[in-house]
Amino acid sequence: MAIIIPLHSESLYALWQTAVMSSPGLLSRREFMWAFAGTAGCFAAMASTTALVGCSRPRSTPGQFGFPQGVASADPLPDAVVLWTRVEPEEANAASVELLVQLARDPEFGDVILEQPILAERSFDFTVRCFTAGLEPDRAYHYRFLAPDASTSRMGRTRTAPSEDADRPLSVAVCSCQHYEEGLFSAYRRLLLDDEQAVSGNGIDLVVHVGDFIYEAGNRRPLVSLDGEVIDLRNADGSRRFVASLPSRGPVGPMGEQLVAESLDDYRELYKIYLRDPDLQDARAAFPFVSIWDDHEFYNDAWQSYHPRGPAQRRKMDSNQAWFEYIPAVLGRNPAPGNSARDFTPADVSNVELTRFDDSYLSREPNNLAAIETLSIYRSIRWGRMAELLLVDGRSYRGPRGVDASIPGGEFLTREPVPATLVETQNAGRTANGGNPPETVTLGGTDIPNTRRDSPAGSLLGAEQKQWLTASLRGSESRWKVVCNDVPLMRFGFDMSFRDYGSLNDLWWTDAWDGYPLERRELMTFIAEEGIANVVSLTGDRHAHFAGVVYDDFDDDSPRAVLTEFAGSSICSGPRLKNQGNSTQSDPQLHARVQFDGSGFGFPRSIMPALNAWLLYGADAAARLSETGDELAAMQQAVDAVNPHLQYADTDGVGYAVVRFTDDAVSAEFVTVDEPIAQPGTEGPGVWRRVRFAVPAWSAGEEPILEYRGMDGEPPLMGLKV
């Protein structure tokens, strides 16, 4: 018979493991699960080893209860996985709904091994998370939820991780950035269809979602396609695809005042809207998701509980709670040093200015700490001996990036790329120049005050998370150490040598690791000097596909390649080409190096990227491409010293990356799909291109070598350096 109990805020699995390791034979899994119970909205269940008889069956006609956000599973372990759903009660004022969760070995539910009641409560928006243990390693299971009137959720499929000593390959889909109002989620349909057609054993094991699952702000601008047409974006049922209202604000017109989430109910409403999308729902039902967040789950470009528009401790806590309710994960305390991952616990916080910064730029102001500590998500997940996923929180503990309000637009996107030396100096704060920071920094040939000269050095990870990450990298026995980042580690230098005082590697995207060069150098140097091989970064955020290596020191004359990074594009959020084009409209020189009108040169779309060429070959190559549409002429202007670590830049498309880990190599296929502005039909969206890379496994003291393995479809315009 199965058992079920509330899940304690510390992970049952990790704590049980720790207890058994310290006192073998002392606790059975059942005793452990009973001993650690407590958090509302979470439950733990032990599956039976034999099929259960007399299990409940769903009704044949629709009932009074609904499951409009579908089902999901997450964070598979060798003998456990988290199951999730949300129910809408029959009565609007219901305090709770008792559900049944069923888990079976077969999709027909003839071999049910778990059936138990769980309680969906209003206090967690009728969401439930069930930690289901006692499962077999490396096998598929099927699950569903039944309401009191026997109406049922859709069926979900999940799987467990292989046993800890298994060498089974791992295939993950890397996804990010899905703005509901900027496109359809049809990239997930392509992923599902490709998985159905995959050769047995080569399908997707996990979806790694690296952030921006929702966007806290509505898009009140007209949506313009890459053909320059204004799009009236519609769902499959014909409804307009935009967020019409939020609980705290009420309705606004589709092109009226911008909607921004301001309360817990607002964030919940966004998750509910996003999760009604059929393609996203199908993907969550088909694959276990392993998730982290970026900024839009809280607030664009936020750090800790602060936003450039002001302190936002209350919103940070509200966004944490909504993420916890709608994004299932195994969060409890891990034995690794410094890992404080834990389930949501509410706090009493107020919005006050951040003060009392420590040496890692973490504000020790009590409301800030309380808001951050309501939920912690950095953790690790092992896939046998093949891979260990190290899941990073790149927002909750970071300080401000290496540019601030003294630089025009510095707290968001600067008007143009700025010198890397300026970013380095501001990021170093009072530690710059050996502890003697300059009073001024230089921008455009003009000295301006160095407003960070009395500040701590900026950290992206924070001291405790950095300790956990370095200890995990050092101690991992897995073949591949996979750092899952919300923002890229690679440097993206912009050749500004066409301007006075410009250089080949000025920086623009400083909300990523480019704004934290000191800690990046520290982390890469640690990996190199410790001789830790086979480290790979998976990331997103940039709304573009990128592949390259990360150096220990990008400014060294002879830098060492330390790890490989694969950055997948967005599911549907505006491709980098459009976003960068919008931001450069008032500067013709920059705009010409971002995009050009391809209609007069025979290109397939009117808005075509010069940005690929700017990143891979330099400013003159990009300008020549815009002027002539001639790739050969543009290549005559190429500069080898521009981003030599970057091999692939695909900035005009959306999609995802599929990364496969085997004993001898890691391979990646970047999939760019049709612009997601029209319903694709049953065949799913078309594919513009598939671009493939591989990195053979390397040993301590060696450097990773990124190898181009070919492509299908339309080549990325000047986007491959091979």
Side-chain angles (χ1 to χ4, degrees), residues 301 303 306 308 357 359-361 394 398-460 487-524 542 550-557 559 580 583-584 586-587 589-590 593-594 614-615 618-619 639 641-646:
D301 288 358
W303 51 275
Y306 181 80
F357 294 100
D359 288 341
S360 294
Y361 227 128
R398 67 157 69 184
R401 63 178 103 173
V403 289
D404 63 16
S406 64
I407 311 301
E411 289 189 308
F412 293 100
L413 181 70
T414 54
R415 294 176 184 171
E416 62 182 50
V418 298
T421 52
L422 182 154
V423 177
E424 175 104 5
T425 298
Q426 289 214 316
N427 179 229
R430 57 179 175 247
T431 70
N433 193 29
N436 295 295
E439 294 186 1
T440 62
V441 291
T442 302
L443 179 66
T446 301
D447 289 340
I448 61 176
N450 176 16
T451 55
R452 295 277 180 84
R453 67 187 310 270
D454 296 320
S455 301
S459 168
L460 188 141
V487 291
L489 273 160
M490 280 187 291
R491 174 188 271 185
F492 296 96
F494 286 83
D495 175 13
M496 292 292 290
S497 58
F498 63 95
R499 290 251 174 105
D500 292 341
Y501 312 109
S503 71
L504 289 179
N505 63 344
D506 285 357
L507 303 178
W508 213 350
W509 299 338
T510 54
D511 191 49
W513 278 93
D514 272 348
Y516 303 82
L518 271 68
E519 189 164 78
R520 176 173 58 191
R521 186 181 304 125
E522 176 189 359
L523 183 59
M524 295 304 104
R542 288 296 88 194
V550 181
Y551 291 150
D552 58 343
D553 186 348
F554 283 92
D555 294 313
D556 193 275
D557 291 337
Q580 215 74 32
S583 71
T584 57
S586 62
D587 190 322
Q589 284 189 321
L590 295 182
R593 288 163 172 82
V594 172
W614 193 2
L615 286 165
V639 178
V642 171
N643 292 321
H645 57 283
L646 187 61

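Qualifying side-chain contact (heavy atoms from CB on, under 4.5 Å) partners for A420, counting only residues two or more places apart in sequence or in other chains: R491, N505, L507. Taking the side-chain contact (heavy atoms from CB on, under 4.5 Å) definition, one finds that T584 meets it with W508, L590, H591, V594, sequence neighbours left out. Considering only residues two or more places apart in sequence or on other chains, N433 meets the side-chain hydrogen bond (donor to acceptor under 3.5 Å, both in side chains) condition with none of them. Legend: residues meeting ring pair (Phe, Tyr, Trp, His ring centres under 6.0 Å) with F554, ordered by chain and number and at least two apart, are Y551, H645. In this structure D552 satisfies the side-chain hydrogen bond (donor to acceptor under 3.5 Å, both in side chains) test together with R560, sequence neighbours excluded. Under the side-chain hydrogen bond (donor to acceptor under 3.5 Å, both in side chains) criterion, S360 pairs with no residue, sequence neighbours left out. Every residue was checked against the salt bridge (Lys or Arg N to Asp or Glu O under 4.0 Å) condition with R453, not counting sequence neighbours, and none meets it. Residues passing the salt bridge (Lys or Arg N to Asp or Glu O under 4.0 Å) test with R452 are D404, sequence neighbours excluded.
Within the 4.5 Å cutoff, no side-chain heavy atoms of R542 are placed close to those of M490. A heavy-atom distance below 4.5 Å is not found between the side chains of T442 and P419.
Interatomic distance, F357 CZ to S455 OG, rounded to the nearest 0.5 Å: 8.0 Å. In this structure, the separation between OG1 on T431 and CG on L518 is 5.5 Å, given to the nearest 0.5 Å. Atom CG of L460 is separated from atom CG of N427 by 9.5 Å, given to the nearest 0.5 angstrom. Residue Q426 holds its CD atom at 5.0 Å from CD1 of I407, rounded to the nearest 0.5 Å.
Between P437 and G429, the shortest heavy-atom contact is CB-O, 3.5 Å. Between V642 and W614, the shortest heavy-atom distance links the atoms CG1-O, 3.8 Å. Shortest non-hydrogen contact noted between R430 and P456 is NH1-N, 3.6 Å.
For residues 434-451, there are no salt bridge (charged side-chain N to carboxylate O under 4.0 Å, His left out) pairs, not counting sequence neighbours. Residue pairs meeting the salt bridge (charged side-chain N to carboxylate O under 4.0 Å, His left out) criterion with at least one member in residues 504-516, sequence neighbours excluded: R395-D511, R398-D511, R401-D511, D514-R520.
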Sequence neighbours left out, cut at 3.5 Å: what donor-acceptor pairs do the side chains of residues 493-502 make with other protein atoms?
residue : atom : partner : partner atom : Å
D495    : OD1  : S497    : N            : 3.0
D495    : OD1  : S497    : OG           : 2.6
D495    : OD2  : A619    : N            : 2.8
R499    : NE   : Q589    : OE1          : 2.7
R499    : NH1  : E416    : OE1          : 2.7
R499    : NH2  : D587    : OD1          : 2.8
R499    : NH2  : D587    : OD2          : 2.9
R499    : NH2  : Q589    : OE1          : 3.2

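Of the possible polar contacts, none joining the N450 side chain to the V441 backbone as a donor-acceptor pair under 3.5 Å is found.
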